[in-house]
Amino acid sequence: MALLTLLTWQVLADGPLLRVDARLSRALVRPGRPAELLSDLGNVQVAVPVLALCAGWAAWRYRATGTDRWWGPPGAALLLIALVPAVVVPLKNWTARPGTPAVPPGTGYYPSGHTATALVAYGAAALLLLPLLTARWARAAVLTGWLALTLGVSFGLVRRGYHWPVDVVASWCLGAVLLTVFARVVRRLRRPEGGTPR
């Protein structure tokens, strides 16, 4: 949260970090089809259906095993992804950060909505699946997939020039906060009444 606050202050104050951000962006931007495809993985039309499928499967598995409040974790995941624009859009409007030279003139690029969507949707999906997987390789594959998708989207957005690097890092911070809260909520929902977590 401290890093998110620092980055937001730098954006609002047009601080020295933005000059470093601009130099880094110039070094990284190389628009092309691969970067476009990677950034598209952060689209709502891609990330949210993945989360919805994982939430549906998790709900089915929790219910089939007789888990108390089987609907809780999947429902919380869907609520979480709905909260992303409710948090990101006001920040975009407040900071009114212009985009990189690679995008049409305009504001509202901080923080990156695509990065936040990818991090939260794929992260919540991973957190739903992990308790249901017993094989170490399967758990590792889910975590690796989440990280690969999030880093791929982040790199694609910067490489294509859709976002400044600071926009992406701010969304990592925001997503980390949201996923931490989600993990705590899910832990409580999975705890049987008067017992310890399953």
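In what follows, every heavy atom counts, from backbone to side chain, and hydrogens, waters and symmetry copies are set aside.
For the pair Q10 and D21, the minimum side-chain heavy-atom distance is 4.5 Å or more. Considering only heavy atoms from C-beta on, L3 stays 4.5 Å or farther from W172 through its side chain. Put simply, the side chain of L119 reaches to within 4.5 Å of the side chain of W146, judged on heavy atoms. You'll find the side chain of L7 stays beyond 4.5 Å of the side chain of V11, heavy atoms only. Within the 4.5 Å cutoff, no side-chain heavy atoms of V120 are placed close to those of F182. Counting heavy atoms from C-beta outward, L128 and W57 have side chains that stay 4.5 Å or more apart. The shortest distance between side-chain heavy atoms of Y62 and P131 falls below 4.5 Å. Side-chain atoms of T117 and V88, non-hydrogen and from C-beta on, never get closer than 4.5 Å to each other.
In this structure, the side chain of R97 does not engage the main chain of K92 through any donor-acceptor pair within 3.5 Å. Judged by distance alone, the side chain of T8 and the main-chain N or O of L4 form a donor-acceptor pair under 3.5 Å. A donor-acceptor pair under 3.5 Å links the side-chain atoms of S39 to the main chain of E36, judged by distance alone. Using modelled atom types, no side-chain atom of S171 and backbone atom of T115 make a donor-acceptor pair closer than 3.5 Å. Between the side chain of W71 and the main chain of R63, no donor-acceptor pair closer than 3.5 Å is present.
Grouping the Ile, Leu, Val, Met, Phe, Trp and Tyr side chains by contacts below 4.5 angstrom, directly or via other members, places V185 apart from L80. Linking ILVMFWY side-chain heavy atoms closer than 4.5 Å, directly or via other members, places L147 and L127 in two distinct hydrophobic clusters. Connection of V29 to Y162 is not established within any shared hydrophobic cluster, with ILVMFWY side chains joined at heavy-atom distances below 4.5 Å, either directly or through further cluster members.
Every residue two or more places apart in sequence or in another chain that forms a ring-ring contact (aromatic ring centres under 6.0 Å, His included) with Y109 is listed here: H163. Legend: residues meeting side-chain contact (heavy atoms from CB on, under 4.5 Å) with P105, ordered by chain and number and at least two apart, are absent.
Taking all atoms of both residues into account, the shortest heavy-atom contact from S25 to T100 is OG-CG2, 4.0 Å. Heavy-atom minimum distance, T150 versus A118: OG1-O, 4.1 Å. Between P101 and W164 the shortest heavy-atom distance is CD-CH2, 3.9 Å. Across every non-hydrogen atom of A77 and A124, the tightest pair is CB-CB, 4.2 Å.
The environment of R30 atom CZ is dense: over 12 non-hydrogen atoms of other residues, nucleotides or ligands sit within 6.0 angstrom.
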Donor-acceptor contacts, no H, no angles, side chain residues 136-145, under 3.5 Å, sequence neighbours left out:
| unit_1 | atom_1 | unit_2 | atom_2 | d |
| --- | --- | --- | --- | --- |
| R139 | NH1 | L130 | O | 2.5 |
| R139 | NH1 | L133 | O | 3.4 |
| T144 | OG1 | A140 | O | 2.7 |

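Taking CG of L6 as the start and CG of L17 as the end, the distance is 6.5 Å to the nearest 0.5 Å.
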